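Keep in mind the model is a prediction, meaning the values are calculated, not measured. Remember, it's 1-based here, ligands and their atoms both numbered in the order they're listed.
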Amino acid sequence: MKIIVTLCLPLLALSSFVRSEGEVDNSLETSCGEDSVNCPLTKATRWLLTQQEADWSWNEGTSSSSVVLAMQLANENWFLEKGLKTQLGVKQLEIELLAELARSARQSGCDNNSERHPRLVQIPVGRLALYILALESTCHDTTDFYGNDLVEILERNMKHFPRKDFNNYFQYSLGVLALCQSGTQAVKLKHIRQLLEGQEDDGCYMFDGQGADVSSLSLMALSCAEDSVPESYRSHFERHFNKTMDCILSKQNEDGSVGNHISTALASQALLAANVDPIVWKKEQAFQHIFNSQDEDGHFGNLGATVQILPILANRHHGSVKEVKAACLLNDAQPTAAQPASNQSAATTELGPPITIQITVENSVHEDQETVTVPVTGPAGLTLFQFLQRAMEISGDQFWFESKMTDFGNFMTSINGIPNDGVKHTYWTILIGPERESASTGSDGITPEDGNEYIFYYKAF
Ligand code: B12
């Protein structure tokens, strides 16, 4: 019970701080109030803790950094209270990064006898940035991480943009957020310029779609880097800063939403980071929209959605690591009592009678590529991803695919030998049914019903 109370404390503290500034903002209290067990923040953090695996990682080691970051943004005392599972989770994060650094050094032909060169690190920039943010939020010195200067590595790796695995401004913004909240905390003008260069005429960014996820990350990064902007560049900076803010605000609907619940949470974080008046961005409605999307179990659809939404439930954003770090200095916390038991018995899905679905592969980029449709039969209750695996087993050379694990589950990286191309920006997307509706989640999050059709559509962005 102790942890529940603690988790909600930052909310209460923050809302009273805001009130002391003269604004009345009850939205967070409404969400937690006296019933802290049911407050969205508590429910979400408890769910994330149930997702910790037997080796103390999250999502096969893919998501430990984003979970640790989100947990710390939700409540900096999570790490400082020194709960055993928390410490093991953070140790696991360190091991994962050390393993990635070692793998990367090996791939670069760097063995134990040669000097490790930071330029050779091959961890994608977005992932490295998330590691740095997670480590910073848990009181690590990222300029000396077991002898590695992660900040210098990040700087060097941000030089070549765009390139494979580092080709969108969501990742670039994460890089800037990490630079801005680690090391000397100064962001070089070239990084700020690059972020502004990515803006389209309306202030939005590529891949924003109906939401404004990329613009939101960019605005958080720009807000964080604002202090590094030299006077001579300030008016240019402000013009562009305001354009991105306008992009986000222009996408907000009457009910406070900006695209789906994830986009709404990121937009809210961005507008909070940019100090926009909560009345202007309909904070209460936006929060309500986010709360309404929460599952009984506390998650927001999947792990990726939950970690991205969590900070705003604590009235924080991706630029709040600086604030969270301040607690490291006051680290005289006592070891805590037990943490809530994590429910490691993964929910098992009941499988039903056999159903048949159609999987269509359509290529709008290479027109000579024939459209292929493969029927697959399997028990109701399997996810679309599991149907895809079956399709690959039974269809001979008609259908095969490759995927990689991410915070949001399995991401299709190649189908029938055609890979996503991050340079030409041609990618596999998922459309559903005769209406060809764009899927709102990936193949792990979709549970097909008999007769459903899924179109894997290769298109240029
Ligand atoms: C850029 C982007 C894309 C690009 C990725 C290529 C590129 N150049 O980077 C493209 C356009 C290909 C894309 C496709 C899709 N995307 Co997308 N994408 C994003 C975005 C804006 C940023 C991702 C990123 O770079 N993260 C930063 C890095 C550090 O993290 P990362 O784990 O390495 O990122 C990789 C994965 O996120 C992966 N990825 C991207 N989208 C998706 C979606 C799913 C379901 C999965 C499993 C993985 C995945 O690509 C990233 C780059 O390699 C996010 C926004 C967000 N809020 O996260 C949406 C987002 C992740 N995408 C989303 C969706 C729904 C899709 C699609 C299913 C859309 C569709 N109908 O086809 C497809 C996935 C199809 C597939 N192949 O499996 C949703 C996921 C929602 C959910 N509840 O699961 C998000 C959150 C947007 C949103 N607000 O709804 N996406």
Side-chain angles (χ1 to χ4, degrees), residues 59 62-66 69 123-134 154 161-175 177-178 198 204-218 220 251 257-267 269-270 290 293 295 299-309 311 318 361-362 383-385 388 401-415 418-433 436-446 454-461:
N59 197 14
T62 305
S63 305
S64 305
S65 56
S66 39
L69 172 63
I123 307 170
V125 165
R127 280 187 67 80
L128 181 59
L130 284 170
Y131 273 119
I132 293 180
L133 291 168
L154 178 65
F161 177 83
R163 63 166 198 275
K164 188 175 175 291
D165 289 334
F166 179 40
N167 57 9
N168 70 51
Y169 280 96
F170 195 97
Q171 297 157 340
Y172 201 93
S173 303
L174 284 173
L177 279 160
C204 302
Y205 281 80
M206 187 177 188
F207 299 129
D208 267 343
Q210 287 181 337
D213 295 17
V214 185
S215 295
S216 300
L217 258 288
S218 171
M220 282 185 250
K251 290 195 172 192
S257 64
V258 179
N260 64 20
H261 57 304
I262 306 168
S263 307
T264 305
L266 292 178
Q269 291 182 40
I290 299 166
S293 68
D295 185 272
H299 65 78
F300 287 89
N302 55 32
L303 186 137
T306 309
V307 293
Q308 291 191 8
I309 291 173
H318 282 69
V361 179
E362 200 179 312
T383 64
L384 176 58
F385 186 74
L388 295 178
F401 73 94
E402 287 170 347
S403 61
K404 71 169 183 183
M405 182 51 83
T406 72
D407 283 0
F408 291 94
N410 281 290
F411 179 61
M412 310 300 292
T413 51
S414 164
I415 299 180
I418 311 279
N420 287 339
D421 187 329
V423 176
K424 292 189 185 137
H425 286 304
T426 49
Y427 296 102
W428 287 104
T429 60
I430 309 173
L431 308 175
I432 304 178
R436 300 170 72 87
E437 199 185 312
S438 178
S440 61
T441 186
S443 54
D444 291 309
I446 299 173
Y454 298 93
I455 303 136
F456 286 84
Y457 187 65
Y458 194 65
K459 70 167 192 176
F461 282 81

Original post:
Met412 to ligand 1: N or O pair under 3.5 Å?
Top reply: yes
Original post:
For Gly301, is the nearest heavy atom under 4.0 Å from an atom of ligand 1?
Top reply: no
Subject >> Nearest-neighbour protein heavy atom for atom 53 (O) of ligand 1, which is reported as residue plus atom name and distance >> reply: Lys404 NZ, 3.2 Å
Original post:
Who's the nearest protein heavy-atom neighbour of atom 51 (C) of ligand 1, and how far?
Top reply: Gln171 NE2, 4.7 Å
Original post:
Is there a heavy atom in Ser440 that sits closer than 4.0 Å to ligand 1?
Top reply: yes
**OP:** Considering only non-hydrogen protein atoms, determine which one is nearest to atom 90 (O) of ligand 1 and report residue, atom name and distance to 0.1 Å.
**Re:** Asn260 ND2, 2.6 Å
Original post:
Phe166 ring centre to Lys164 NZ or CZ under 6.0 Å, with the angle to the axis within 45°?
Top reply: no
Subject >> Pair Tyr172 + Phe161: ring centers closer than 6.0 Å >> reply: yes
**OP:** Kindly confirm or rule out an N or O of Asn167 lying under 3.5 angstrom from an N or O of ligand 1.
**Re:** yes
Original post:
Is atom 39 (N) of ligand 1 less than 4.0 angstrom from some protein heavy atom?
Top reply: yes
**OP:** Return a yes/no value for His425: is any of its N or O atoms, backbone included, closer than 3.5 angstrom to an N or O of ligand 1?
**Re:** no
Original post:
How far is atom 41 (N) of ligand 1 from its nearest protein heavy atom, and which residue and atom name does that atom have?
Top reply: Phe411 CE1, 4.0 Å
**OP:** Run the contact test for Ser263 against ligand 1 with a 4.0 Å cut-off on heavy atoms, strictly below, and give the result.
**Re:** yes
**OP:** Answer yes or no: does an N/O atom from Asn168 fall short of 3.5 Å to an N/O atom of ligand 1?
**Re:** yes
